[in-house]
**Q** 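Before I ask anything, here is the structure I am working with.
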Amino acid sequence: MRRILVTSALPYANGPLHIGHVLEAVQTDIWVRFQRLAGHECLYVCADDTHGTPIMLKAQADGVTAEELIAGVGAEHRATYRDFLIHHDTFHSTHSAENRELTERIFRVLDGAGYIARRTIHQAYDAKAEMFLPDRYVKGTCPVCGTKDQYGDSCENCGATYTPADLIDPVSVVSGTRPIERESEHLFFTLAKFEAMLREWTRSGAIDGSVANKLDEWFKTGLRDWDISRDAPYFGFEIPGHPGKFFYVWLDAPVGYMAASLKLARDRGLDWDAWWGLGSTAELYHFIGKDILYFHTLFWPAVLTGAGFRRPTAVHAHGFLTVNGQKMSKSRGTFINGRHYLERLPPEPLRYYFAAKLAPGIDDIDMSLEDFVSRFNSDVVGKLVNIASRCAGFIVRGGGRLAAALPDPALYAEFAAARTRIAACYDGRDFGAAIREIAALADRANQYIDGHKPWNLAKDPARAADVLAVCTEGINLFRALMLYLAPVLPAMAENAARFLGRPFGHWDDAATPLLGTALEPYVPLATRLDPKLVATLFAPEGVASAAPVAPPEPAAKAPPPPAPAAATVAPAAEISIEEFGRLDLRVARIAAAELVEGADKLLKLTVDLGGETRTVFAGIRSAYAPEQLLGRHVVVVANLKARKMRFGLSEGMVLAASDGAGGLFLVAPDAGAAPGARVK
RNA sequence: GGCUAGGUAGCUCAGAUGGUUAGAGCACGGGAUUCAUAACCCCGGGGUCGAGGGUUCGACUCCCUCCCUAGCCA
């Protein structure tokens, strides 16, 4: 058994997560889930990156403290990760006691070992705002080509790099005044002292080849010392022994990996040193985007080494996410926030799509919405789920129990043998190859069923055993594939396991077919994505993201008010379990929602109960706008007598909680529940 | 500007060390079928492998130049 600690990059706490963040988290989560299924100990930690000038200024602009800002953003981040089925063992914060403790400890060791240098620098200073300005906070005219409105570090037009002092007519972005130049003593980490170690480490297998090529460039130009201090005012940790000086956010951010695992170790009584100590035999992996390679492959291993800790086993960088071939951009309308997605669609199709497109390299990944729909609908619903769907009925008619033997053990053996190759793909982060292999096997399974035509055999009562045998084979092929997809589609795999009557425990469960056991009733494991709904991913931000059900916006002015106490309502009269059982509650997806002319409390909803659609008039207009509801999963009373209203026939009821004070809250199932599923 | 990576059918992508007619899924056309969520099965059309030059008996695959895209430049 391997002992593995995994991290994904810390999202910056100045705004909500977008689906690019989700891509990285999904990649990491799939890898972690696979390792666990394969029997290894694998823990996944992450945290919010909460320090720095941008957060300080955003909090000021929003009229809140930085602590309030990051608390609000943190709540949104946690909820969004959770709803994409990302399982963090710990999701912590860099603004934490553990991180302060470790950052200070690392600094003291580095300083004591002579790795911290002091040097006076000249930096742009905003006299009005009384703060030093990072290069990006000074704008002006490019001194090389004369383009106006360029940042203080480089020109977007001609590509020239320079310092803010070189700009013509520089202006502080903070106050709009002309910055002056000021001296300040800064602390530097002597990176160059680690060159030999870094050259060796980057070629030790810790970095993929093409990425190591990129690092060569940095060695070629020579490693420079790294400025790790910033002057007050700054939101972060003050440097011990240097009043008014703060650790640069990029110093304490990766320490956040250690801090999150320290929190985990203390919560669960685990041995933190076994992960981070010099003699550690555990594996340590960082999943990151290619934009922050620099920090993770030079500074970070050097800081760890200088402070007496082990280095990462490997740093895995992925490319960027583009949407329909374009960079995600708010102005182009191609920017998709995580919540914006979740308000419309379930998480697993996106997990599947990302998996299908992920490879070990740093190539950018394009999310074509059309491809997204067809990939999921065709691969997962049309092919994979179809195998179970088309066999289940025959098994039920044959007694509900799988046959005692497989009619084609050789075919099953091929499926079982594929687990070694697919495991290698997962372990090597080539999820795309794993998905291709699984999809090809799903085709073989459908071909097998098509070749044996159980629906023809079923016409002859004498061949009932053959029908059962063919479908037992089919169900077992399905079971193997579902297990192979469990890291990608955890909720669907769990539902499939329930149908199969046996949980997936280990990757090698695929080696042995399931025979002679009873199946639970089949419920649809996935529904097709509606292209019209997917198209609304591009709806302008703000239309739906202001939904009251969304977690507090990052810019929350104040902590959310406590929910009014709703417990003062007396319980209704007692009922028996039988009486309760008469209620047919179902999960439903809201397929359409519209205002009702002449009714100021009602919305007309079209709900999908997994094959059947109904019209329901719901009195929730005061709390929800129609566009907020599209795609949401709710619970409806499916056997409520239809009621004729002035506006039409209402064929059910949508469940919502109310607090007596006008508050209205729709009841929703956890992620993964499919429309039509019975609630009980 | 420098560096790293990418540019393969309408779309999204596979193609180890150069070697018979360049592959898949989706989309499209035809056929078959009705067990399955208008799913599945069979057949087919469709690409001068970014452009130009070079090395080679032979290049999508190696070399050079150029064009386009993305990221990084502490």
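The basis for the numbers below is simple: all heavy atoms, side chains too, and nothing from hydrogens, waters or symmetry mates. Bear in mind that the values here come from a model prediction, so they are computed numbers and not experimental data. In the text below, chain A, chain B and the rest are named by the order of the sequence lines, each starting its count at 1.
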**Q** B/U12 P sits how many Å from A/Y353 OH, rounded?
**A**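 It is 8 Å, rounded to the nearest whole Å.
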
**Q** Let me know the distance between CG of A/L525 and P of B/A39, rounded to the nearest Å.
**A**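 To the nearest whole Å, that distance equals 18 Å.
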
**Q** Mind checking the C1' distance from B/G58 to B/C73? Whole angstroms is fine.
**A**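 Pairwise C1' distance, B/G58 against B/C73, rounds to 42 Å.
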
**Q** Please give the distance between the C1' atoms of B/G45 and B/A27 as a whole number of Å.
**A**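 It works out to 13 Å between them.
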
**Q** Classify the nucleic acid contact of A/N446 as base, sugar-phosphate or nothing, counting any heavy atom under 4.0 Å across all strands shown.
**A**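 Touches sugar-phosphate only.
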
**Q** Choosing from B/A36, B/C13, B/G71, which nucleotide comes nearest the side chain of A/D366?
**A**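 For A/D366, the side-chain atoms sit closest to B/C13.
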
**Q** Side chain of A/F394 only, please: which of B/A36, B/C35, B/C11 is the nearest?
**A**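 Nearest listed nucleotide: B/C35.
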
**Q** Go through B/C41, B/U34, B/U12 for me and flag the one nearest to the A/D371 side chain.
**A**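 Given the options B/C41, B/U34, B/U12, the side chain of A/D371 is closest to B/U12.
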
**Q** For a quick check under 3.5 Å, do A/D225 and A/T190 share a side-chain donor-acceptor pair by atom type?
**A**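 The answer is no; no qualifying pair exists.
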
**Q** Would you classify A/E370 as touching base, sugar-phosphate or nothing, given that sugar-phosphate means primed atoms plus P, OP1 and OP2, and contacts are heavy atoms under 4.0 Å?
**A**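 Here A/E370 touches no strand at all.
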
**Q** Quick one: do A/H318 and A/F287 satisfy ring-ring contact (aromatic ring centres under 6.0 Å, His included)? Show the steps, please.
**A** CA-CA 8 Å; A/H318 60 80; A/F287 283 78; 8.4 Å; no

**Q** Whole angstrom is fine here: how far is it from CG in A/L198 over to C1' in B/A74?
**A**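 Value for this atom pair: 13 Å.
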
**Q** Give me the distance, rounded to whole Å, that separates B/U8 from B/A51 when you measure between the C1' atoms they each carry.
**A**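 Pairwise C1' distance, B/U8 against B/A51, rounds to 15 Å.
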
**Q** To the nearest 0.5 Å, how far apart are CG in A/D430 and CZ in A/R436?
**A**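 Between atom CG of A/D430 and atom CZ of A/R436 there are 6.0 Å.
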
**Q** Distance check needed: B/U37 C1' versus A/F376 CZ, whole Å only.
**A**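 Whole-Å distance recorded here is 11 Å.
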
**Q** Roughly how many Å apart are B/A9 and B/G29, using the C1' atom of each and rounding to a whole number?
**A**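 Comparing C1' positions in B/G29 and B/A9 gives a spacing of 16 Å.
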
**Q** Is A/Y234 reaching over with its side chain to a backbone N or O of A/V249, donor-acceptor style, under 3.5 angstrom?
**A**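 Indeed, once roles are kept as given, a pair shorter than 3.5 Å links the two residues.
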
**Q** Please give the distance between the P atoms of B/U56 and B/A14 as a whole number of Å.
**A**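 Those two atoms are separated by 33 Å.
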
**Q** Mind calculating the distance between CZ (A/F189) and C1' (B/A74) to the nearest angstrom?
**A**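 Taking atom C1' of B/A74 as the reference, CZ of A/F189 is at 13 Å.
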
**Q** Write down the distance between CD1 (A/I365) and P (B/A14), rounded to a whole number of angstrom.
**A**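 Taking atom P of B/A14 as the reference, CD1 of A/I365 is at 10 Å.
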
**Q** Taking the side chain of A/S389 as heavy atoms from C-beta outward, which of B/U37, B/G71, B/C26 is closest to it?
**A**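 For the A/S389 side chain, the nearest candidate turns out to be B/U37.
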
**Q** Where the side chain of A/D450 is concerned, which of B/C42, B/A70, B/C35 is the nearest nucleotide?
**A**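 Nearest to the side-chain atoms of A/D450, counting from C-beta on, is B/C35.
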
**Q** For A/G474, which contact category applies under a 4.0 Å heavy-atom criterion: base, sugar-phosphate, or nothing?
**A**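 A/G474: no heavy atom of the nucleic acid under 4.0 Å.
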
**Q** Work out how far the C1' atom of B/C26 is from that of B/G46, and round it to whole angstrom.
**A**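 It works out to 14 Å between them.
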
**Q** Which whole-number value in Å describes the distance from A/D363 CG to B/G7 P?
**A**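 Atom-to-atom, A/D363 to B/G7, this comes out as 7 Å.
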
**Q** Would the base of B/A14 count as contacting A/R436 through its side chain, where contact means a donor and an acceptor less than 3.5 Å apart?
**A**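 No such pair is found, so the answer is no.
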
**Q** Return the nearest nucleotide to the side chain of A/K383; candidates are B/A36, B/C26, B/A5.
**A**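 Nearest to the side chain of A/K383 among the choices is B/C26.
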
**Q** C1' atom, B/G44 versus B/G23: distance in rounded Å?
**A**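 Looking at atom C1' only, B/G44 and B/G23 are 16 Å apart.
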
**Q** Please classify the nucleic acid contact of A/V385 as base, sugar-phosphate, or nothing, using heavy-atom distances under 4.0 Å.
**A**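 Touches a base.
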
**Q** In terms of side-chain heavy atoms of A/R390, which of B/U12, B/C26, B/C35 is nearest?
**A**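 Nearest to the side-chain atoms of A/R390, counting from C-beta on, is B/C35.
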
**Q** Taking it one step at a time, do A/R429 and A/H316 satisfy side chain to side chain donor-acceptor pair (under 3.5 Å)?
**A** CA-CA 9 Å; A/R429 296 171 346 276; A/H316 296 314; 3.2 Å; yes

**Q** Both A/N456 and A/T322 contact RNA chain B. Which one's nearest nucleotide lies toward the 5' end?
**A**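 Comparing both residues, the 5'-ward one is A/N456.
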
**Q** Taking the P atom in each of B/G50 and B/A59, what is the distance between them to the nearest angstrom?
**A**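 Roughly 15 Å separates the two P atoms.
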
**Q** Using a heavy-atom cut-off of 4.0 Å across all strands, would you classify A/G382 as base, sugar-phosphate, or nothing?
**A**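 Since only primed, P, OP1 and OP2 atoms lie under 4.0 Å of A/G382, the category is sugar-phosphate.
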
**Q** Looking at A/W201, A/F189, A/F219, which hits ring-ring contact (aromatic ring centres under 6.0 Å, His included) with A/F194?
**A**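 With A/F194 as partner, ring-ring contact (aromatic ring centres under 6.0 Å, His included) holds for just one option, A/F189.
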
**Q** Expected output check: what is the dot-bracket annotation of RNA chain B, where ( ) and [ ] are pairs inside the strand (brackets for crossing ones), | is paired with another strand, and pairs are Watson-Crick or G-U under 3.5 Å?
**A** (((((((..((((.....[...)))).((((.........)))).....(((((..]....)))))))))))).

**Q** Toward the 5' end of RNA chain B, which comes first, A/N324 or A/K290, by nearest nucleotide?
**A**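 Its nearest nucleotide lies further toward 5', so the answer is A/N324.
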
**Q** With no hydrogens and no angle check, just 3.5 Å: does a side-chain donor-acceptor pair link A/R390 and A/N446?
**A**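 Indeed, the side chains of A/R390 and A/N446 share at least one donor-acceptor pair under 3.5 Å.
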
**Q** Please evaluate residues A/Y426 and A/F431 with respect to the criterion ring-ring contact (aromatic ring centres under 6.0 Å, His included), reporting the C-alpha separation (whole Å), side-chain torsions for both, the decisive distance (0.1 Å), and the verdict.
**A** CA-CA 6 Å; A/Y426 274 120; A/F431 303 158; 5.7 Å; yes

**Q** What's the CG-P distance between A/D443 and B/A24, to the nearest Å?
**A**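 That distance rounds to 12 Å.
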
**Q** Which one, B/C13, B/A74, B/A5, comes nearest to the side chain of A/K357?
**A**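 Within the option list, the nearest is B/C13.
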
**Q** So which nucleotide from B/A74, B/C26, B/U37 ends up closest to the side chain of A/L191?
**A**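 It is B/A74.
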
**Q** Contact class for A/Y248 vs. all strands (heavy atom < 4.0 Å): base, sugar-phosphate, or nothing?
**A**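 Nothing: the residue A/Y248, judged by heavy atoms under 4.0 Å, touches no strand.
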
**Q** Go through A/L537 and A/F335 one step at a time and tell me if the side chain to side chain contact (heavy atoms under 4.5 Å, CB included) criterion holds.
**A** CA-CA 9 Å; A/L537 287 175; A/F335 195 91; over 6 Å; no

**Q** A/I449 side chain: which of B/A5, B/C35, B/G71 is closest?
**A**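 It is B/C35.
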
**Q** Can you check whether A/S378 has a side-chain N or O nearer than 4.0 Å to OP1 or OP2 of B/C26?
**A**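 Affirmative; the distance criterion is met.
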
**Q** If you round to the nearest 0.5 Å, how far is NZ of A/K357 from CG of A/D363?
**A**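 Between A/D363 CG and A/K357 NZ, I get 11.0 Å after rounding to 0.5 Å.
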
